[in-house]
Every structure is written in C-alpha cells, then in structure tokens.
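For the single chain, residues carry numbers from 1 onward in sequence order.
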Amino acid sequence: MLERNGKVKVEIVKDVFAETLLRETIKIVKRGSLIYTDKFKSYDGLVMYGFKHERIDKSVKFANGKVYINGIEGFWSYAKERLLKFHGVSKDNFIYYLKELEFRYNFRIMLMIVYINTLG
C-alpha cells in the first residue's frame with residue numbers, strides 16, 4: 001500500500017482473495033479513506049467495509065485525473081530492479097528483502113542526500 005505523497009507499506013499475504021486483502025486493508029487504512037486500485041476483483045468489497053474506492057483500468061490507461069496508481073507501480077518497479085540482481089531469494093528471507101526495500105524507498109531522498117554529503 002502507498003499513501004499519496006506518503007510512505008509505502010509492504011506485507012506478505014498468504015493469498016490474494018478478497019477476504020485476505022480486505023483484512024490487511026482494515027488493519028492499516030482508516031475507514032472512510034479514499035483508496036485507488038486497479039480493477040483486480042478482490043478489491044470489490046472495499047466500499048462495503050466503509051472505504052471510498054476509485055479504480056483505474058490499466059489496460060486502457062494508467063491515469064484518469066486524480067485516479068491513478070502510478071505511485072505503487074513505481075515502488076514495485078523500484079523493488080523488482082533491485083531484487084533482480086539476487087537471481088531469486090529464499091521464501092524465508094523474502095520479507096526481509098521487502099522490508100529493506102520499503103525502508104530504502106520511503107527514505108530514498110534522505111539517503112541520497114546523506115550519500116551526496118559523504119562525497120563532499
């Protein structure tokens with residue numbers, strides 16, 4: 001999940017059924033919040049659980065005004081690029097890789113500033 005202009009939050013889920021995704025969403029997102037998703041069927045119940053829900057059909061276009069999911073797509077692009085160099089990771093350690101990527105993504109600007117300052 002990615003809060004607009006905020007931080008990404010990753011969790012590993014046992015499956016992508018609606019019940020599982022809704023349970024995770026309820027844990028993290030305040031009810032009444034506006035959630036933007038793609039058209040994946042498991043998101044159908046968000047409104048019934050008190051969320052406002054807007055969808056984007058990625059097969060047609062990636063944005064429709066304020067309705068877009070480019071931020072989370074950007075995170076997964078960032079994560080995949082960094083994970084590729086490992087040529088696979090163990091299932092047991094995958095969450096640790098994801099959590100490190102979550103941290104690096106959330107603090108990438110600050111980490112870049114620190115890096116630039118060390119070149120000094």
| request: I would like to know whether K58 and D38 meet salt bridge (Lys or Arg N to Asp or Glu O under 4.0 Å); could you show each step before the answer? | output: CA-CA 7 Å; K58 295 188 300 186; D38 59 14; 3.6 Å; yes

query = Should we say atom CD1 of I12 is surrounded by more than 12 heavy atoms from elsewhere, each under 6.0 Å from it?
reply =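 Atom CD1 in I12 is packed in, count exceeds 12.
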
Open item on the list: Is it the case that atom CZ in F86 sees more than 12 heavy atoms from other parts of the structure closer than 6.0 Å?
Closed with: yes

Residue set satisfying salt bridge (charged side-chain N to carboxylate O under 4.0 Å, His left out) with K41, at least two apart, ordered chain then number -> D44

Taking only residues two or more places apart in sequence, or in another chain, which ones meet E3 in a salt bridge (charged side-chain N to carboxylate O under 4.0 Å, His left out)?
->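 Expected list: none.
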
Is there a path from [X] to [Y] through hydrophobic residues (I, L, V, M, F, W, Y) whose side chains come within less than 4.5 Å of each other?
X	Y	answer
L2	V67	yes
V47	I26	no
F17	Y43	no
L34	I28	no
L111	F75	no

Taking the side chain as C-beta and beyond, is there a heavy-atom pair between [X] and [Y] under 4.5 Å?
X	Y	result
E24	V13	yes
I69	I72	yes
L22	M48	no
T37	I56	no
E102	K9	yes
I35	E54	no
Y78	R82	yes

Given 3.5 Å as the limit, does a donor-acceptor pair link the side chain of [X] with the main chain of [Y], or not?
X	Y	value
S42	V16	yes
T25	L21	yes
R108	Y105	yes
N106	V8	yes
K99	V10	yes

**Request:** With rounding to the nearest 0.5 Å, note down the distance linking CG in N93 to CG in L98.
**Result:**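 It is 11.5 Å, given to the nearest 0.5 Å.
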
d(Y49 OH, R31 CZ) to nearest 0.5 Å is 8.0 Å

Heavy-atom nearest pair, D57 first then S59, reads OD1-OG, 2.6 Å

- Query: Are a donor atom and an acceptor atom from the side chains of S90 and D92 found within less than 3.5 Å of each other?
  - Reply: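 No.
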
| task | May I have the step-by-step check of side-chain contact (heavy atoms from CB on, under 4.5 Å) for M1 and V29, ending in yes or no? | result | CA-CA 9 Å; M1 292 180 208; V29 182; 3.6 Å; yes

| query | Within 45 degrees of the axis of the six-membered ring of F107 and under 6.0 Å from its centre: does R104 put its NZ or CZ there? | reply |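 No cation-pi geometry.
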
query: Is it the case that R4 places NZ or CZ above or below the six-membered ring of Y36, under 6.0 angstrom from the centre and within 45 degrees of the axis?
result: yes

Original post:
For the rings on Y97 and F94, is their centre-to-centre separation under 6.0 Å?
Top reply: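 Ring centres of F94 and Y97 not closer than 6.0 Å.
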
